Amino acid sequence: MLTEGTDFYYNEAGLFVFTETYHRQKGFCCGNGCLHCPYNFINVPEPHRENLLKEKHEAEKHGEGTTGRSKKI
């Protein structure tokens, strides 16, 4: 069973977003380019993976926790 606030949250647009905790418990990258992927998008096909890594790096460089992307489930 998923727990809101631990496994997922709803962003300001009302979209369902999985947390890093959820992804770590899952144990692998699903390849969908999830916002909080802790696996550096290892299973996301190029060139999308490279773009996601650049976004993540830029967000971290500017002190942002996330890139603001979200995936509608």
Side-chain angles (χ1 to χ4, degrees):
M1 178 175 230
L2 297 176
T3 304
E4 186 172 359
T6 301
D7 299 310
F8 72 94
Y9 62 91
Y10 293 97
N11 70 8
E12 60 281 347
L15 301 177
F16 186 93
V17 181
F18 284 119
T19 64
E20 183 174 336
T21 298
Y22 170 81
H23 291 294
R24 287 196 185 281
Q25 289 174 351
K26 182 174 62 174
F28 63 93
C29 173
C30 63
N32 288 321
C34 299
L35 177 62
H36 299 293
C37 180
Y39 304 108
N40 286 321
F41 313 108
I42 194 71
N43 291 323
V44 176
E46 294 294 353
H48 188 55
R49 178 176 187 257
E50 187 62 30
N51 293 333
L52 291 171
L53 288 170
K54 284 179 187 175
E55 267 186 42
K56 183 177 181 179
H57 177 73
E58 285 299 313
E60 289 170 353
K61 189 166 73 172
H62 293 100
E64 301 168 13
T66 65
T67 62
R69 293 180 305 106
S70 37
K71 184 172 182 119
K72 191 170 187 176
I73 303 288

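We use all heavy atoms of the structure for the numbers below, so side chains are in, but hydrogens, waters and symmetry mates are not. All of these numbers come straight from a predicted model, not from anything done at the bench.
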Query raised in the report: Which residues pass the side-chain hydrogen bond (donor to acceptor under 3.5 Å, both in side chains) test with E50, sequence neighbours left out?
Result: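 Expected list: none.
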Query - Cation-aromatic face contact K26/F28, 6.0 Å, 45 degrees - result: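 The answer is yes, since K26 meets both limits relative to F28.
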Requested in this report: Determine yes or no for a side-chain-to-main-chain donor-acceptor pair under 3.5 angstrom, with H57 supplying the side chain and L53 the backbone.
Outcome: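 No; judged by distance alone, with no hydrogens or angles, the pair does not exist.
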Query raised in the report: NE2 of H48 to CD of E46: how many Å apart, nearest 0.5 Å?
Result: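 Rounded to the nearest 0.5 Å, the NE2-CD separation comes out at 10.0 Å.
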Do you know the tightest heavy-atom contact between [X] and [Y]?
X: C29; Y: N43; answer: O-ND2, 2.6 Å
X: P45; Y: G31; answer: CD-O, 4.2 Å
X: H23; Y: C37; answer: CD2-N, 4.2 Å
X: H36; Y: Y9; answer: NE2-OH, 2.7 Å
X: C34; Y: F41; answer: O-CE2, 3.2 Å

**Report entry** Residues that E20 engages under salt bridge (Lys or Arg N to Asp or Glu O under 4.0 Å), provided they are two or more places apart
**Finding:**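 Listed in chain order: R24.
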Requested in this report: Please step through side-chain contact (heavy atoms from CB on, under 4.5 Å) for the pair Q25 and T21, ending with a clear verdict.
Outcome: CA-CA 6 Å; Q25 289 174 351; T21 298; 3.8 Å; yes
Query raised in the report: Any side-chain heavy atom of F16 within less than 4.5 Å of one from L2?
Result: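 Yes, close enough: below the 4.5 Å cut-off.
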Query raised in the report: Is any side-chain heavy atom of R49 closer than 4.5 Å to a side-chain heavy atom of N40?
Result: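 Side-chain contact under 4.5 Å: yes.
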Query - Aromatic ring pairing Y22/F18, orientation class (parallel under 30°, perpendicular over 60°, tilted between) - result: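 Parallel, since the angle between the ring planes stays under 30°.
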